[in-house]
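Residue indices begin at 1 and follow the sequence shown. Read the numbers this way: they start at 1 and go in the same order the structure lists the ligands and their atoms.
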Amino acid sequence: MNPEFSAPTVDATDLDATDADATDATPDATIVVPLVGASVTELTDWIQTQGQPAYRGKQLHQWIYERGIQSLAEVTVFPKAWRETVTNVNIGRSRIALRSPSRDGTVKFLLEMVDGQIIEAVGIPAYKTGSNKLDRLTVCVSSQVGCPMACDFCATGKGGFKRNLERHEIVDQILTVQADFQERVSNVVFMGMGEPLLNVENVAEAVRSMNQDIGIGQRSMTISTVGIPGQIRRLADRHLQSTLAVSLHASNQEVREQLIPSATKYPLEALLDECRDYVNITGRRVTFEYIVLAGMNDHTQHAHELAHLLKGFQSHVNLIPYNPISEVDYQRPNDRQLQVFMSTLKAKNVAVSVRRSRGLDANAACGQLRANQLEQLATPA
Ligand code: SAH
């Protein structure tokens with residue numbers, strides 16, 4: 001259970017909820033009662049602390065997850081007199097600070113949290129071939145504000161780290177995209193801002209809620225990590241059915257250390273050992289992400305090395321052509337070299353596919369939109 005949620009009450013004398021502005025002592029100051037992400041049981045407990053009958057917990061659950069309410073004032077089946085006592089409660093919803101649609105249907109959002117911090121979430125629709133009927137709606141969610149990992153090719157990494165996201169702030173991203181598209185979200189990837197395995201508790205709680213409260217299959221969720229010693233095993237012990245994606249990005253320790261500062265404290269062999277344990281404990285195969293940087297990690301020799309590294313491993317390699325974050329760093333690989341790299345892996349029986357970037361014109365590379373916006377905000381006109 002999320003500690004912040006423990007029986008929050010909006011009685012001004014006893015608040016477990018967070019005060020959005022502690023210096024503001026006016027009775028109308030917004031307080032956060034993180035009802036988003038809460039289970040039926042938690043909501044039922046809470047509504048009773050409000051002097052309401054238990055059955056209203058189930059109603060509240062429906063209004064939060066199916067109707068996507070922004071505030072308790074909208075729950076018109078609840079007594080008006082009670083709703084008037086909770087007008088200063090934020091149930092854990094963010095505000096859309098910017099909505100940036102792309103020609104391919106992808107929509108990137110900048111979301112403002114109650115404390116003013118900004119994160120990214122991306123809605124990625126996939127349509128049935130030859131029709132405008134939606135096949136899948138994937139949300140790329142953030143798990144932290146910023147990221148402490150500082151990977152060299154990543155826009156989020158360049159911007160530094162602020163804090164972990166709470167359970168409700170992760171689940172809110174799904175509700176926001178769902179409301180904007182007026183469609184149910186079918187898939188979730190933790191590939192937005194942040195390193196999910198530095199925030200395991202909230203991520204696992206959010207996965208539970210997205211599964212049980214929103215109805216997204218656990219197998220349709222992917223947690224992407226650059227690898228934090230001990231944490232992959234910790235995640236495996238939770239027996240989630242979600243897919244683990246590991247940002248490998250290199251076929252040897254030397255190249256990996258050039259791209260990922262934290263790799264110096266986590267040898268490739270130790271990382272792969274933990275991945276093997278993950279497969280053994282959960283029975284799920286691991287996806288390895290490999291960002292392809294021209295002239296850096298895309299030589300045919302690297303493909304041979306990678307195939308050797310993953311020999312006999314129940315896995316899938318996802319090649320991600322680099323999405324430039326500035327003109328002065330790495331280069332995108334050309335299609336021919338990418339094909340050679342891929343066929344070299346295939347010839348060695350490595351399951352491999354290429355991930356095509358969606359929403360490039362919406363600044364879809366990790367952390368890009370936020371980086372651009374923050375830059376503009378900081379630069380006087
Ligand atoms: N910290 C986690 C999740 C966030 S990054 C992780 O490292 O896996 C999610 C994916 O986006 C990673 O595979 C990452 O390498 C990729 N990515 C980051 N910057 C990118 C860029 N400029 N171009 C293409 N992919 C990028």
Side-chain angles (χ1 to χ4, degrees), residues 106 108 119-122 124 138-162 164-165 170 173 187-200 202-203 206-207 221-229 231-232 235 242-250 255-256 258-263 266 271 274-275 278 286-294 296-298 315-333 338 353-372:
T106 298
K108 192 151 192 170
I119 55 158
E120 287 182 7
V122 190
I124 309 161
T138 302
V139 185
C140 177
V141 295
S142 295
S143 56
Q144 297 184 312
V145 183
C147 184
M149 305 312 290
C151 299
D152 207 33
F153 47 81
C154 176
T156 304
K158 303 264 176 229
F161 172 68
K162 283 280 165 17
N164 278 342
L165 290 184
I170 300 173
Q173 298 173 56
N187 298 69
V188 176
V189 292
F190 281 84
M191 294 182 188
M193 300 168 65
E195 172 43 55
L197 293 197
L198 289 176
N199 190 13
V200 173
N202 288 314
V203 164
V207 166
M221 300 185 205
T222 300
I223 299 174
S224 177
T225 178
V226 74
I228 307 292
Q231 294 301 80
I232 292 178
L235 192 70
S242 41
T243 301
L244 179 72
V246 175
S247 288
L248 197 62
H249 303 328
V255 175
R256 197 161 195 270
Q258 285 175 41
L259 301 173
I260 303 168
S262 64
Y266 199 18
L271 169 64
E274 271 201 64
C275 293
Y278 188 89
V286 173
T287 296
F288 288 107
E289 295 163 281
Y290 193 101
I291 187 167
V292 189
L293 306 158
M296 179 81 195
N297 63 359
D298 68 339
S315 65
H316 181 99
V317 173
N318 213 195
L319 301 176
I320 315 165
Y322 172 60
N323 202 353
I325 57 169
S326 86
E327 280 144 34
V328 289
D329 48 20
Y330 302 103
Q331 299 294 316
R332 233 175 135 74
L338 197 62
S353 58
V354 176
R355 186 197 299 159
R356 294 284 163 199
S357 307
R358 297 283 309 271
L360 272 180
D361 55 333
N363 293 303
C366 188
Q368 262 188 16
L369 182 64
R370 178 174 177 271
N372 289 347

Under 4.0 Å, heavy-atom basis, I'd like to know which part of [X] is in contact with ligand 1: side chain, backbone, both or neither.
X: Thr225; answer: backbone
X: Ile291; answer: side chain
X: Glu289; answer: side chain
X: Met149; answer: neither

For [X], take its heavy atoms, then give the atoms of ligand 1 lying under 4.0 Å from any of them.
X: Ser247; value: 6 (C), 7 (O), 8 (O), 12 (C), 13 (O)
X: Phe190; value: 3 (C)
X: Gly194; value: 1 (N), 2 (C), 3 (C), 4 (C)
X: Ile320; value: 13 (O), 24 (C), 25 (N)
X: Ser224; value: 2 (C), 3 (C), 6 (C), 8 (O)
X: Gly192; value: 4 (C)

So which heavy atom on [X] is nearest to which on [Y], and how close?
X: Ile320; Y: Glu289; answer: CD1-CB, 3.8 Å
X: Ile170; Y: Asn202; answer: CD1-O, 4.0 Å
X: Ser247; Y: Ser224; answer: OG-OG, 3.8 Å

Tell me which one of Asn297, Asn323, Asp152 satisfies side-chain hydrogen bond (donor to acceptor under 3.5 Å, both in side chains) with Tyr330.
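Option passing the side-chain hydrogen bond (donor to acceptor under 3.5 Å, both in side chains) with Tyr330: Asp152.
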For [Y], does its backbone N or O pair with a side-chain atom of [X] as donor and acceptor, under 3.5 Å?
X: Glu195; Y: Val226; answer: yes
X: Thr287; Y: Ala245; answer: no
X: Arg332; Y: Pro324; answer: no

Under 4.5 Å between any side-chain heavy atoms of Cys140 and Val189, yes or no?
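Side chain of Cys140 against side chain of Val189, heavy atoms only: contact under 4.5 Å found.
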Taking N or O atoms only and a 3.5 Å limit, does [X] qualify as a polar contact for ligand 1?
X: Ile325; answer: no
X: His249; answer: yes
X: Phe153; answer: yes
X: Tyr322; answer: no

Report the C-alpha distance between Ser242 and Phe190 in whole Å, list the side-chain angles of each, state the deciding distance to 0.1 Å, and finish with yes or no for side chain to side chain contact (heavy atoms under 4.5 Å, CB included).
CA-CA 11 Å; Ser242 41; Phe190 281 84; over 6 Å; no
